[in-house]
Amino acid sequence: MDKNLHIYNTLSRKKEVFEPINPPLVGMYVCGPTVYSDVHLGNCRTFISFDLIYRYLLHLGYKVRYVRNITDAGHLEGDRDEGDDKFAKKAKLEQLEPMEIVQKYTLGFHDVMNIFNTLSPSIEPTATGHISEQIEMVKEIIANGYAYEKNDTVYFDVEKYNIDFPYGQLTNRKLDDLLEGTRELDGQDEKKGRLDFALWIKAKPETLMQWPSPWGWGFPGWHIECSAMSSKYLGETFDIHGGGMDLQATHHTNEIAQSQACNNTSPVKYWLHTNMLTVNGVRMSKSAGNGFLPEELFTGNHPLLERGYSPMVVRFFMSQSHYRSTLDFSNEALQGAEKGFQKLIKAGETLQTLKAKSESSVNIEELKANCYKAMNDDFNSPILIAHLFEAVRIINLINDGKESINNTDLDNLKSLFNTFVFDVLGLKTDDTNESNDSGLTGDLIDMILNLRLDAKKNKDFATSDKIRDELTSKGVVIKDTKDGFEWEI
RNA sequence: GGUCGCGUGGCCGAGUGGUUAGGCGCCGGUCUGCAAAACCGUGCACGGCGGUUCGAAUCCGUUCGCGACCUCCA
């Protein structure tokens, strides 16, 4: 089954057969969040996408070491390796220690990941926990001649590196083209080249987070942590590196350069990039101010939202698009996803009640093969879901007595459904039956509806309709069943 | 300006040189006192213009529109 997995590699810009370096082991590194503010939905999409990938690799039987870092230092506000650290800035703003900021948003991030039912990574290393590894790496890069020190700050020499290695390979760009898009250095700049970036940055006296180094007190550049931590936990060359597409051009390009310059080997076999979440066609981002917080989506407390949607509906919604496509957010799309999700879950419940016959009129083997085919084609969850809805149709038809299924097929169907809906897509039944009060309301509604049932039995439809209308207008949805009723608020 | 990507039916979103994507919506049917819900079924597409081909929405060219990256962001 596993030799069929194809994944799209950003490095080659095509789909390749997935062959781990040391099967069945798989090393996967994903760039995690910078924990200086709440994660928004766009961030979540990336982590949910990689959760799907992680889950499928596990399902195929690979032993995956999944490393996802927490950036808690070194990430600067500006674009020129100067200015304030994001954490320090936030800390000053909220009058807290930088590590209090880190702690707060790390916990928040974990909460959100749990709510979305993502599996925890095997290792979740932090930048501040790996300062010495980063310093060692910078020393090595200097020793290899690809970095230089200037006034206690260390820069990576991009143009020198490019003589020996293709710096812009990940985005398929030539150095000259890259230089063209860069602004001129002004006279003050310490950098030799316009594309050079900081590996280690000299601290100012007031810098809140700083560490001693061979170049004096300072802090690491943003990119070096990922190079240091990925090679520490996954080795100098590992299988999969992932992250959002926005990281491709700068962060990942620099990461490759650092690792190559330090270890003299290409660090990653397969680069995977997830696409952006958009709102009205425009990328959702912190700086654009069009970000949705998960909480806002769940509660519906947002100007653009008509109402809230449950976490699993959101996860399902995201799974309905491919991870490399942009996904556009709208009320209508969300509502559609909600209906679809409920239909899928309901069919799963119906499936448990089906009775086997001696003959099968349905083809479960083919369905199963189709599901694997979809996932093996670069984790194509939208196609997988299309096939799962074929399963839904089959389940409902059997339930209606229009198709039949034998024991073996029924077991297969159950296992198929379980595997893909819950294990691979990572969906779960929503816990919607949270009791909002002591149950009194429910008892009262039951009582009223029992009175309505009596009216119906007496063919007093005027009364029964009146009760229904009034309850409906108060938000109680009534569904008559054969010999009673169901309701929900 | 440079690099790259996208444009699919009312909405979201897959995919392929000729055969149904799928979900939601709409419409029809079953069920129901009537509804709702549920289930079944049908129709509604491939930005414009050229070209290649027996045949293209799918390949090529061109044009229009949109977006991303090149600057912090998953």
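A, B, ... follow the sequence lines: proteins, then strands. Residue 1 opens every chain.
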### Task
Specify the separation, in whole Å, of atom OH of Y323(A) and atom P of G13(B).
18 Å

### Query
To the nearest angstrom, how far is L344(A) atom CG from A38(B) atom C1'?
16 Å

### Message
Can you see whether F47(A) has R68(A) sitting over its ring - NZ or CZ less than 6.0 Å from the centre and within 45° of the normal?
### Response
yes

### Query
Pick the nucleotide of RNA chain B nearest each of R45(A) and K402(A); which residue has the one closer to the 5' end?
K402(A)

### Task
Check the side chains of S259(A) and S227(A) for a donor-acceptor pair under 3.5 angstrom, ignoring hydrogens and angles.
yes

### Query
In whole Å, what is the span from the CZ atom of F485(A) to the C1' atom of A35(B)?
17 Å

### Task
Test for a donor-acceptor pair under 3.5 Å between the base of C4(B) and the side chain of R13(A), counting only N and O atoms.
no

### Task
Figure out the CG/C1' separation between L471(A) and A36(B), and round it to whole Å.
13 Å

### Query
With a non-hydrogen cut-off below 4.0 angstrom, is G32(A) in contact with a base, only sugar-phosphate, or nothing?
sugar-phosphate

### Query
In whole Å, what is the span from the CZ atom of F389(A) to the P atom of A38(B)?
12 Å

### Query
Could one point to a donor on the side chain of D465(A) or the base of G33(B) with an acceptor on the other under 3.5 Å away?
yes

### Message
Is T278(A) close enough to G67(B) that one of its side-chain N or O atoms is under 4.0 Å from OP1 or OP2 there?
### Response
no

### Query
Which part of the nucleic acid does T326(A) contact within heavy-atom distance under 4.0 Å: base, sugar-phosphate only, or nothing?
sugar-phosphate

### Query
Does one side chain, of S361(A) or E403(A), offer a donor that lies under 3.5 Å from an acceptor on the other?
yes

### Task
Please work out if M284(A) contacts a base, only the sugar-phosphate, or nothing of the nucleic acid, heavy-atom cut-off 4.0 Å.
base

### Query
At under 4.0 Å between heavy atoms, what does V30(A) touch on the DNA or RNA strands: base, sugar-phosphate, or nothing?
nothing

### Task
Determine, answering yes or no, if F461(A) is stacked on G33(B) under the 5.5 Å centre rule and the 30° plane rule.
yes

### Query
Could you state the CZ-C1' distance from R283(A) to U71(B), rounded to the nearest angstrom?
11 Å

### Whole-Å gap separating C1' (A36(B)) and CZ (R468(A))
7 Å

### Task
Using a heavy-atom cut-off of under 4.0 Å over every strand shown, decide if S321(A) touches base, sugar-phosphate, or nothing.
sugar-phosphate

### Task
Name the residue closer to the 5' end of RNA chain B, choosing between R324(A) and L41(A) according to the nucleotide with the nearest heavy atom.
R324(A)

### Query
Expressed in angstrom and rounded to an integer, what is the separation of D51(A) atom CG from A74(B) atom C1'?
15 Å

### Task
Check whether any side-chain N or O of K343(A) sits under 4.0 Å from OP1 or OP2 of C24(B), and answer yes or no.
yes

### Query
If you look at every strand shown and take non-hydrogen atoms under 4.0 Å, does L334(A) touch a base, only sugar-phosphate, or nothing?
nothing

